[in-house]
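Beneath this line is the structure, given in structure tokens, with notes to follow.
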Amino acid sequence: MAKYFTPKELERELRERSPESERLIRSLHNCDRRHFLKVSAQFAAMAAAAGVIQPHGFQLVEMAYAATEPEKAPEVAFTFAYVSDTHLYARGMTHRFAKAVAKAVEDVNALDPQPDFVFYGGDLAQLGRADELELGRQILKDVKAPMKMMVGEHDWYFDMGEKWKEFFGPDRYSFDHKGVHFVTLNSVVEKDFWTAKGYTPEERMHIVAGLDDGRQSRFEVGEEQRAWLKDDLAKVNKKTPIVVFSHSPLYKYYEPWNFWTADAEQVQALLFPFQSVTVIHGHTHQLLTNRIKNISFHGMLSTAWPWPYAPTGLPKLTLQMDRPNPFDQFDGCGDGSVDVLKSGQADANYNLWDRSPVTVSYAELVKGIKGGGPSY
Ligand SMILES: [Fe+2]
Ligand SMILES: [Fe+2]
């Protein structure tokens with residue numbers, strides 16, 4: 001049975017067991033976040049080797065930070081966590097995808113302090129069935145922080161979003177939180193490819209769920225929703241930081257797999273006038289970072305499986321993940337959080353299960369910029 005320690009007890013335990021931990025603890029004084037995260041990962045390995053097990057990596061990170069230098073995070077205004085792309089089948093809690101989302105719920109519930117809210121990034125279900133969505137709803141009910149939901153294509157194309165909306169409300173909405181304007185979009189709208197061909201709802205859903213099934217249309221935000229977005233943003237001061245949630249990336253990454261939003265340029269054009277814009281998206285199941293002019297884009301991790309990178313290459317700002325170990329069902333999967341900075345910009349934190357956590361900081365991101373326009 002694993003023994004759990006309070007942060008102070010853990011620090012004392014590690015100091016006593018290893019002279020190396022003493023050096024690491026000292027090095028945390030006046031360190032930057034990057035060094036802090038690196039040392040946290042070393043702590044995790046040492047704690048595991050010493051038989052001093054923490055419930056999970058997040059608490060260890062929080063512990064080391066709090067124990068050594070609480071005044072070093074003043075630039076963070078608030079944090080929200082995310083869980084995304086769980087792809088549930090209605091096969092109960094014994095199926096590994098259900099276990100994976102339960103693990104993510106445990107992760108976000110153990111965050112201390114708690115995030116302001118937990119954002120769900122879409123593809124809760126695998127085939128859009130009511131029982132799949134219901135299973136997801138039941139598992140997510142255990143999240144302690146307020147939940148915000150977004151739809152993915154796997155939730156939508158069986159009944160065209162009917163059940164999802166009944167459970168979770170509108171598929172597009174905006175809200176203001178601590179001086180930041182948030183917008184959630186349904187970016188997986190497709191042109192009607194099914195009526196003329198006479199596809200059944202099941203066939204339609206299977207076609208959309210097949211990543212490279214050429215019979216479907218491309219995803220788009222669509223004219224009607226762009227008009228809504230334009231109206232919504234018209235009320236917002238250009239200096240107000242904007243965070244947009246979309247399921248597909250709001251740029252053109254790789255068309256054959258629908259890692260693509262067909263009207264991305266038109267949506268971006270509505271966002272260019274704002275001083276600070278961050279887009280957080282699901283769907284791509286991998287560490288993925290891009291920046292186009294004033295817009296930073298971060299892909300969320302999936303709890304179910306990691307997709308490979310597009311064969312044509314990836315945005316040059318992306319910190320590339322190593323190839324996941326096929327014998328480890330959680331490798332390359334995870335959840336994470338986003339620190340919204342006082343400047344309005346954001347740092348994306350990837351809590352990769354079975355790997356060290358990764359932070360893609362805004363400060364590092366802008367250093368990689370070599371001028372405007374698509375960066376790859
Ligand atoms: Fe997905
Ligand atoms: Fe998706």
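All of these numbers come straight from a predicted model, not from anything done at the bench.
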Step-by-step side-chain contact (heavy atoms from CB on, under 4.5 Å) determination, Leu287 to Tyr309: CA-CA 9 Å; Leu287 248 83; Tyr309 284 118; 3.7 Å; yes
Whether over 12 other heavy atoms sit under 6.0 Å from Glu202 CD: yes
Do the side chains of [X] and [Y] get close enough for a salt bridge, i.e. N-O under 4.0 angstrom?
X      : Y      : result
Asp131 : Arg129 : no
Arg137 : Glu132 : no
Lys252 : Glu265 : yes
Glu364 : Lys367 : yes
Glu106 : Lys103 : no

Does the ring center of [X] lie less than 6.0 Å from the ring center of [Y]?
X      : Y      : result
Trp194 : Tyr199 : no
Phe78  : His177 : yes
Phe117 : Phe175 : yes
Phe245 : Tyr120 : no
His181 : Phe274 : no

Nearest 0.5 angstrom please: [X] [atom1] to [Y] [atom2], how far?
X      : Y      : atom1 : atom2 : result
Gln320 : Leu288 : CD    : CG    : 10.5 Å
Leu314 : Met321 : CG    : CE    : 11.5 Å
Thr284 : Asp85  : OG1   : CG    : 7.5 Å
Leu88  : Leu127 : CG    : CG    : 11.0 Å
Cys333 : Asn351 : SG    : CG    : 11.5 Å
Thr86  : Ile139 : OG1   : CD1   : 7.5 Å

Counting C-beta onward and ignoring hydrogens, is there a side-chain heavy-atom pair between [X] and [Y] closer than 4.5 Å?
X      : Y      : value
Leu352 : Val358 : yes
Met300 : Phe119 : yes
Ile280 : Val338 : yes
Trp305 : Pro324 : no
Lys342 : Glu75  : no
Glu255 : Arg218 : yes
His283 : Glu153 : yes
Arg172 : Gln225 : yes

Using every non-hydrogen atom in the two residues, find where [X] and [Y] come nearest and quote the distance to one decimal.
X      : Y      : value
Gly179 : Pro241 : O-CD, 3.5 Å
Asp212 : Trp257 : CB-CD1, 4.0 Å
Glu203 : Gly198 : OE1-O, 4.1 Å
Tyr350 : Leu301 : CD2-CG, 3.6 Å
Asp155 : Met150 : OD2-O, 4.4 Å
Met205 : Gly128 : SD-N, 4.1 Å

Candidate pair Leu319 and Thr289, rule side-chain contact (heavy atoms from CB on, under 4.5 Å), full reasoning: CA-CA 7 Å; Leu319 189 58; Thr289 306; 5.8 Å; no
Between the main-chain N or O of [Y] and the side-chain N or O of [X], is there a donor-acceptor pair closer than 3.5 Å?
X      : Y      : value
Asn290 : Phe297 : no
His154 : Gln126 : yes
Gln268 : Leu250 : yes

Residue from Leu270, Asn294, Val180, Leu233 passing side-chain contact (heavy atoms from CB on, under 4.5 Å) with Ile242: Leu233
Under 3.5 Å, is there a donor on one side chain and an acceptor on the other for [X] and [Y]?
X      : Y      : answer
Thr240 : Asn237 : no
Asp142 : Asn109 : no
Asn349 : Thr359 : yes
Ser187 : Thr261 : no

Check against ring-ring contact (aromatic ring centres under 6.0 Å, His included), Tyr157 and His206: CA-CA 9 Å; Tyr157 282 92; His206 273 98; over 10 Å; no
Please determine whether residues [X] and [Y] belong to a single hydrophobic cluster, defined as Ile, Leu, Val, Met, Phe, Trp and Tyr linked transitively by side-chain heavy-atom distances below 4.5 Å.
X      : Y      : result
Val360 : Trp353 : no
Phe330 : Val83  : no
Val244 : Val189 : no
Trp260 : Val279 : no

Audit row: Trp156, Asp171, side-chain contact (heavy atoms from CB on, under 4.5 Å) steps and yes/no: CA-CA 10 Å; Trp156 196 260; Asp171 55 328; 3.4 Å; yes
Worked check of side-chain contact (heavy atoms from CB on, under 4.5 Å) between Phe182 and Lys148: CA-CA 11 Å; Phe182 286 86; Lys148 307 266 183 200; over 6 Å; no
From CA spacing to verdict: ring-ring contact (aromatic ring centres under 6.0 Å, His included), Tyr253, Phe259: CA-CA 6 Å; Tyr253 172 27; Phe259 286 3; 5.6 Å; yes
Asn186 vs His247, side-chain hydrogen bond (donor to acceptor under 3.5 Å, both in side chains): CA-CA, chis, key distance, verdict: CA-CA 7 Å; Asn186 175 352; His247 183 67; over 6 Å; no
Step-by-step side-chain hydrogen bond (donor to acceptor under 3.5 Å, both in side chains) determination, Ser174 to Asp232: CA-CA 8 Å; Ser174 66; Asp232 182 77; 2.7 Å; yes
Step-by-step ring-ring contact (aromatic ring centres under 6.0 Å, His included) determination, His87 to Phe97: CA-CA 7 Å; His87 292 268; Phe97 291 173; 7.3 Å; no
